[in-house]
Amino acid sequence: MYRLEDLNPVQQEAVKYREGPLLILAGAGSGKTRVLTHRIAYLIAQGVEPWEILAITFTNKAAQEMRERVGALTGSAGRGLWVSTFHSACVRILRQEIGYLPGYAHDFVIYDSNDQKAVVKTCLKECNLDEKKFPARAVGAVISEAKNKLWNPADFEERAADYFQEQAAKVYRLYHKKLKASNALDFDDLIMLTVILLGQNPEVLERYQERFRYILIDEYQDTNYAQYSLVKMLAGRYRNLCVVGDDDQSVYSWRGADIRNILDFERDYPEAKVLKLEQNYRSTQSILQAANSVVGNNRERKEKLLWTENPQGSPLVFYAADDEHDESRYVVERIQRLHNLEGRPFNDFAVLYRTNAQSRVLEERLMKEGIPYRIFSGHKFYERLEIKDILAYLRVLANPADKVNFSRILNVPKRGLGDAASAKVLEYAEEQNMPVLEAVLEAEYIPELQPRARKSLLAFARLMKDLKELAQAEKSVTKIAEEILSRTGYKDLLSADNTTESQARLENLAEFLSVTAEYDLKAHENKPLEDEFGVEYIPGLNGFLEQVSLVAETDQLDQREAAVILMTMHSVKGLEFPVVFVVGMEEGIFPGSRSQLEPGLVEEERRLCYVALTRAREKVYLSYADHRMLYGRRQYNRRSRFLEEIPYNLLNEKDPSDPPARQASKKAGNVEYGSRTPAAGMPASAFGSPARKLGTPLVANNQEDFLVGNKIGHDKFGQGIIMAVKGKGRETILTVNFQGQLKQIATEYAKITRL
DNA sequence: CCGATTTCCGCACAG
DNA sequence: CGGAAATCGG
C-alpha cells in the first residue's frame, strides 16, 4: 500500500489535493517530479483506475523517468497509465480516430523538420518565390507558428499583415495540400489535428473526457496555444487538471510557448488551488540567492522565492578571460584541479553556453588535455546523413506515397537518377494519381525518360519491389534494414571508401541496427504492452518508424558516464550537476544580440540564466571574454548585465577551491568588476566581515547591509535572511525569509536590525 | 550527372 | 570561422 513519506507539507498537499484544478508553481530543484509521481501513485492508491490518468511531460526522457518512478511506487497497479509527451499522446489518439478527419488514412506517416523543409522548398518553387527572400527555413517556421496558434491557411491569410505573410499563407495552403497527398502529418499537425478532431466531434471528445478524469501536465510554462487548447478540451468535463511549472523557467517562447498559459491559469480556472514549492533541495544558499537575485529583475513573473536548508556554500566564482581560448583554458584548468584535488569524477561537471558555436574551443581544449567529455550539440543521431537514408528507405516501404523520402532515396546510392529523372517520375505519379513507388514500377510507360535513366529506373523498380515484398513478409525490422543496406550497395560503398568518415558512418549504421534489434526483441516478445515511451507497439515496420520519429537525441544522455558534459543552457533544463560552468557571460552573447532591443526577450534570457545557475548543486563558475572570434571577426563585448545582477558578495574572483593565497598577495577584496567595485565608498575590508556593529538599525543608504544572505532581525517577525534586494537607497525593498515565510520589507519604514 | 569550388550566412531545439 | 547550398566545369 502506498504511503506518503519523505514529502514536505506543501508537497503532501499537492499530492493529496484531488478534485478540481490545481496549479503547482515548482521552483527549480523543489522536487517537482517527486510530487508528480507521488500524486499519480496516490490517485491509484485511492482507487482511481490508471487508465483514467493522463500525464503529459515535455520530453520522452522525462516521460520514461516518470513511468519508472511511478512503477516503483505502484508496481503492476500502474498498468494502463498514459505517461507521454503531447505528441505521442496525440499520435495515439489520431491512430485511433483519424477516420473522423477526411483525407487522412490511419497509416499516416510523421514528417520531421527535414521532411517539412523539403516540402516547403518544393512549394516555394511552385509558387515562383525567390528562395533568397523566402528561405525555406523561415517560411517553415512561420507555418509552424501558425499551426501552434491553430490557424488554418485561411485564418493565416486573413491575418497576413505584409507581403511576406501573404506569400507565406499561399505556401502554407499548398504545403498542407502536399502533406495530405502524401498521407503525412508534421509535428505541429499532430496537435492541431487532434484539437480539430475533438472540436468537430463532440462524441469523440466526450469519450476522451470520460476516460481521462485526471490530467497532469508537466512544464506547463512551455506549452503553446494548441497544446493549451487541447488540455482545456480534455479537462473540460471533470476539471481535475493539475499543471506543474515554473514561470521563471520559461525559455521556449521562440518555439511558440506562451508564458501566459501559466500566468493566467487562475483566470482560466477561477476555482483553482495554487501551491508553491519553494524549498529547494539541490543547491547551496549562495547559488540560490544569486539565481533569485537575477530573476528578481523580471517584471512578468509570479512572486516566488527559493530557499533551502542546504549550507551557504561558497560564493560563485567569476573569471575575466582575454578571449575564448583563455576562457577555455581556465575552465579546463579548473576541472582538472577539482578532479585532482577533490577527487571529483568528470561527470560532476557541466559546461554551459548560449550557442552551440561556442563549444568548439572548449572541445579542442578538453581533447588536448585528454579529459573525457560528451557534447550535446545540434547533430542528432537521426539527422545524420546515413541514418536519414536508411530511414527514408524504410519509410517509403511503409508508405509508398511518401514523396519526400522517395526523392531522397531515388539516387542514393548514386544510380544515375538525378533531378531530371526524379521530376518525371513524380509528374507521372501525379498524373496517374498513384503513389510514387507504384509509378516507378511502371517505368516503361513514363514518358520522356533518357534511355539510361529508364534502364536504371527499371533496376531500381525491381529492387524496391523485392524489398517491399520482403518488408511485408518479414517481421524483423533489422532484417529489412540489413537487406536494404546490402541490396542497394549502400554498405559496400561505405566499406570500399576507407576514410575515417565512412568508418564513422558504418558505425552509426551498426548503432542503428542495434536500435532496430532492440525494437524487434520487444515486439517479438509479443506482449501487447507499451514501449518505453508509453506507446503501444504497432508491431513491425510502422511501429518502429513511429517510435523513431517521436524520439529525440537528448533522451540518450547518460549522466553516469564519467565525462564532462558540454551543452547549451536550453538543453540543460531538468538536469543537475555538482559543478556548473557558464561561459560567454557577455552582452551580445548572453543576453544574445537579438534580444537586446526587446525587453521581453531580455527577460527570457534572464530566465535562461536562472535555469543555468540553478542546475548547480555546489559550485558555479561564470566567465567572460574581453574579445572573441565570432563569425570570423573579432568582437569586443561588454560583460553581461546578469553578472551585475548577482549581489557582489556572492560573486568572487578568487576560487575558494584554491589553497589560501598568501596575505595581501593579490587583489584584497572579493570582487573587482563593473561599476560595483568596493571602491564605491567603502573599504575593501568591509567585505565578508560586517563593517557595522551587530544589532544596530539598518540605514537605507548603507549598501552593505542589504546583501542577499545577510541575517536581520525584525520586531514582529523575528530573525530572517535577506533573499532578494530590489531598488536603491531609501526605496530599497527586501524580500526576507522568516523561517520559511517570505515577507517584503520596505527598508524605509520597517524596524529592522542587522544581526 | 557528378565532384570540386565558391558563395553565403549565421541563436536556442523537443517532438 | 565553418558548414550547407549554389554554381561551375568536365
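Everything numeric in this text was worked out from a predicted model, so none of it was measured. Residue numbering restarts at 1 for every chain, and letters A, B, ... go by the order of the sequence lines.
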- request: Ignoring hydrogens and angles, tell me if any N or O in the side chain of A:Glu324 forms a donor-acceptor pair with the backbone of A:Met629 under 3.5 Å.
  value: yes
- prompt: Of A:Glu604 and A:Leu417, whose nearest nucleotide on DNA chain B comes first from the 5' end?
  reply: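 Its nucleotide being nearer the 5' end, the pick is A:Leu417.
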Scan [X] against the nucleic acid and name what it touches under 4.0 Å (heavy atoms): base, sugar-phosphate only, or nothing.
{"X": "A:Tyr631", "value": "base"}
{"X": "A:Gly418", "value": "sugar-phosphate"}
{"X": "A:Asn411", "value": "sugar-phosphate"}
{"X": "A:Arg633", "value": "nothing"}
{"X": "A:Ser593", "value": "nothing"}
{"X": "A:Lys117", "value": "sugar-phosphate"}

Atom [atom1] of [X] and atom [atom2] of [N]: how far apart are they, to the nearest Å?
{"X": "A:Lys132", "N": "C:dA5", "atom1": "NZ", "atom2": "P", "value": "13 Å"}
{"X": "A:Leu601", "N": "B:dA12", "atom1": "CG", "atom2": "P", "value": "15 Å"}
{"X": "A:Ile56", "N": "B:dA14", "atom1": "CD1", "atom2": "P", "value": "18 Å"}
{"X": "A:Asp222", "N": "B:dG15", "atom1": "CG", "atom2": "C1'", "value": "13 Å"}
{"X": "A:Gln635", "N": "B:dC11", "atom1": "CD", "atom2": "P", "value": "14 Å"}
{"X": "A:Tyr353", "N": "B:dC11", "atom1": "OH", "atom2": "C1'", "value": "13 Å"}
{"X": "A:Lys414", "N": "B:dC1", "atom1": "NZ", "atom2": "P", "value": "12 Å"}
{"X": "A:His325", "N": "C:dC1", "atom1": "NE2", "atom2": "P", "value": "11 Å"}

Does the distance from a Lys or Arg side-chain N to an Asp or Glu carboxylate O, for [X] and [Y], drop under 4.0 Å?
{"X": "A:Glu386", "Y": "A:Arg505", "value": "yes"}
{"X": "A:Glu604", "Y": "A:Arg607", "value": "yes"}
{"X": "A:Asp115", "Y": "A:Arg408", "value": "no"}
{"X": "A:Glu65", "Y": "A:Arg69", "value": "yes"}

Counting just side-chain N and O atoms, does [X] come under 4.0 Å of either OP1 or OP2 of [N]?
{"X": "A:Arg360", "N": "C:dG2", "answer": "yes"}
{"X": "A:Asn356", "N": "B:dA12", "answer": "yes"}
{"X": "A:Thr85", "N": "B:dA14", "answer": "no"}

Nearest to the [X] side chain among [options], which nucleotide is it?
{"X": "A:Tyr252", "options": "B:dC1, B:dC13, B:dG15", "answer": "B:dC13"}
{"X": "A:Thr355", "options": "B:dC13, B:dC11, B:dA14", "answer": "B:dC11"}
{"X": "A:Asn60", "options": "B:dG15, B:dA12, B:dA14", "answer": "B:dG15"}

query: Going by ring centres under 5.5 Å and near-parallel planes (under 30°), is A:Trp254 stacked on B:dA12?
result: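 Yes, aromatic ring over the base.
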message: Which heavy atom of A:Ala226 sits nearest to which heavy atom of A:Lys147, and what is that distance?
response: CB-O, 4.1 Å
- prompt: Quantified in whole Å, what is the P atom distance between nucleotide C:dA4 and nucleotide B:dC13?
  reply: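 Here C:dA4 and B:dC13 have their P atoms 16 Å from each other.
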